[in-house]
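Computed from heavy atoms alone, side chains included, the values below leave out hydrogens, waters and symmetry copies.
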Amino acid sequence: MTTNDIVKHVLGLSGGRDSAALAVYMRQHYPELDIEYFFTDTGKELPEVYEYLGRLEGFLGKPILRLNPDRDFDFWLKQYNNFLPSPQTRWCTRQLKLRPFEHWLRPLLAEGATIYSYVAIRSDEEYREGYSSKHDKLIIRLPFKQAGVDKAGVIEILDGAGLGLPKYYSWRTRSGCTFCFFQQKIEWVRLKEQHPEAFEEAKAYEKDAVENGSPFTWSQGESLEELEKPDRIAQIRQDHERRLARMRSMAQPNPLRPDKEPLDIDDLYGKAKVCLACHK
């Protein structure tokens, strides 16, 4: 067999709900495919992410490959003149998630192999776009869109496999770095409660960045020092509770699914355009 005849199947896991469900789905529906599961580790993930990946490995019956960036967050922060990443300049995703993925596959693509990458974009996510392949032999597949699997379907897949949701879904609905700038303010408040050491680390990064001229703070419009003041935390909680009550009052019961679907943070605050490599 020549390299041109090689076909490789890969599926990236973020430690989040949707990509985990896709891994389960592919194992159940396409057992004949030898899929290589991978996780790109920034070194700044929640501990609950690693715990969930371990449980997922048990279900899949095979190890999940860890792709580690050759340079860590601190290195790239210095390269970008201590400017924090932001929705406008997502250098963290580019350097810590996409770069290791492309570096891993580049030798195979250069030799002519065909690679299928399976991405967990659901059927109810028209606003999302998948990873844009820069190589004609790196082919993106969206099984959930093709099969019509929505958010409720994803939860059913995980419950059916005995995995359930990652533990952090009780207080946050996105995986990725502890200091992800896509977090809503209520998620920052909860990070301070659940992982105070990670909140302090984020605060230190922000303070240093601002002192070095960074125009960005982690949370739009205020620093973490301002956000963590008791009066501000109380205000954020009150706003969140109002949003939650309003959303629940507007929810239409689904007779086919009597159990209420959990509300995502994005359900309350609007669907943010997030990084697929981090949050799926």
Side-chain angles (χ1 to χ4, degrees), residues 8-41 45-66 97 101 116-131 139-176 247 251-268 271-272 274-280:
K8 188 178 183 70
H9 302 270
V10 301
L11 194 159
L13 297 160
S14 68
R17 173 189 63 201
D18 293 354
S19 60
L22 182 59
V24 171
Y25 178 88
M26 295 301 292
R27 183 181 183 275
Q28 291 174 334
H29 290 80
Y30 300 95
E32 73 280 3
L33 295 181
D34 182 17
I35 298 176
E36 188 156 12
Y37 304 97
F38 69 92
F39 169 67
T40 309
D41 191 351
E45 317 282 342
L46 292 166
E48 295 97 318
V49 166
Y50 301 110
E51 185 271 340
Y52 194 67
L53 289 172
R55 291 170 55 206
L56 185 57
E57 281 182 325
F59 177 86
L60 296 172
K62 64 193 302 186
I64 295 168
L65 175 68
R66 265 63 168 181
K97 289 287 187 179
F101 171 67
Y116 291 91
S117 177
Y118 301 90
V119 179
I121 300 179
R122 305 189 311 260
S123 64
D124 56 337
E125 293 185 298
E126 293 301 330
Y127 65 97
R128 289 189 185 272
E129 296 176 357
Y131 171 78
I139 301 166
I140 309 301
R141 290 284 185 259
L142 309 176
F144 281 167
K145 270 198 172 294
Q146 183 178 355
V149 177
D150 59 6
K151 185 176 84 171
V154 159
I155 295 169
E156 287 176 2
I157 289 169
L158 293 175
D159 286 346
L163 290 167
L165 295 173
K167 289 180 180 177
Y168 62 80
Y169 270 79
S170 64
W171 60 274
R172 156 173 156 153
T173 57
R174 68 192 77 245
S175 52
M247 179 67 73
Q252 297 294 323
N254 185 343
L256 299 179
R257 289 180 175 130
D259 295 331
K260 285 188 176 180
E261 297 173 21
L263 288 173
D264 288 351
I265 294 293
D266 287 345
D267 293 333
L268 298 178
K271 291 179 168 60
V274 299
C275 303
L276 292 176
C278 301
H279 300 136
K280 294 298 288 177

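Residues that satisfy the ring pair (Phe, Tyr, Trp, His ring centres under 6.0 Å) test with Tyr116, not counting sequence neighbours, are His9. Checked against ring pair (Phe, Tyr, Trp, His ring centres under 6.0 Å), Phe39 has no partners two or more places apart in sequence or in another chain. Applying the side-chain hydrogen bond (donor to acceptor under 3.5 Å, both in side chains) criterion to Gln28, with sequence neighbours excluded, gives no partner residue. With sequence neighbours excluded, the residues that form a side-chain hydrogen bond (donor to acceptor under 3.5 Å, both in side chains) with Tyr50 are Asp41. With sequence neighbours left out, Phe144 forms a ring pair (Phe, Tyr, Trp, His ring centres under 6.0 Å) with Tyr25.
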Q) Does the side-chain contact (heavy atoms from CB on, under 4.5 Å) test come out yes or no for Val149 and Arg122, once each step is laid out? A) CA-CA 6 Å; Val149 177; Arg122 305 189 311 260; 5.8 Å; no
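Ion pairing of Asp124 with Lys151 is absent here, as no side-chain N (NZ or NE/NH1/NH2) approaches a carboxylate O to less than 4.0 Å.
The two residues Met26 and Leu33 come nearest to each other via the heavy atoms CE-CD1, 4.1 Å. Taking every heavy atom of both residues into account, Ser14 and Ser19 meet most closely at N-OG, 3.2 Å. Ser123 approaches Asp150 most closely through the heavy-atom pair OG-N, 3.5 Å. Between Val154 and Ala21, the shortest heavy-atom distance links the atoms CG1-CB, 3.6 Å. Residue Pro166 comes nearest to Gly15 through the heavy atom pair CG-O, 3.7 Å, listed as atom of the first residue, atom of the second, then distance. Residues His29 and Glu32 share a closest heavy-atom pair of O-OE1, 4.5 Å.
Rounded to the nearest 0.5 angstrom, Leu142 CG and Tyr118 OH are separated by 11.0 Å. The structure places CZ of Arg17 at 8.5 Å from OH of Tyr168, a figure rounded to the nearest 0.5 Å. Here the CG-CG distance, from Leu11 to Leu22, works out to 4.5 Å after rounding to the nearest 0.5 Å. Going from atom CD of Gln146 over to atom CZ of Arg141 covers 8.0 Å, rounded to the nearest 0.5 Å. Within the model, atoms OG of Ser117 and NZ of Lys8 stand 11.5 Å from one another, a figure rounded to the nearest 0.5 Å. With values rounded to the nearest 0.5 angstrom, Leu13 atom CG is found 7.5 Å from Phe38 atom CZ.
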For residues 52-64, dump all side-chain donor-acceptor pairs below 3.5 Å to protein atoms at least two apart in sequence or in another chain.
{"unit_1": "Tyr52", "atom_1": "OH", "unit_2": "Gly164", "atom_2": "O", "d": "2.7"}
{"unit_1": "Arg55", "atom_1": "NH2", "unit_2": "Leu163", "atom_2": "O", "d": "2.3"}
{"unit_1": "Glu57", "atom_1": "OE2", "unit_2": "Ile64", "atom_2": "N", "d": "2.7"}
{"unit_1": "Glu57", "atom_1": "OE2", "unit_2": "Arg66", "atom_2": "NH1", "d": "3.0"}
{"unit_1": "Lys62", "atom_1": "NZ", "unit_2": "Asp34", "atom_2": "OD1", "d": "3.2"}
{"unit_1": "Lys62", "atom_1": "NZ", "unit_2": "Ile35", "atom_2": "O", "d": "2.6"}

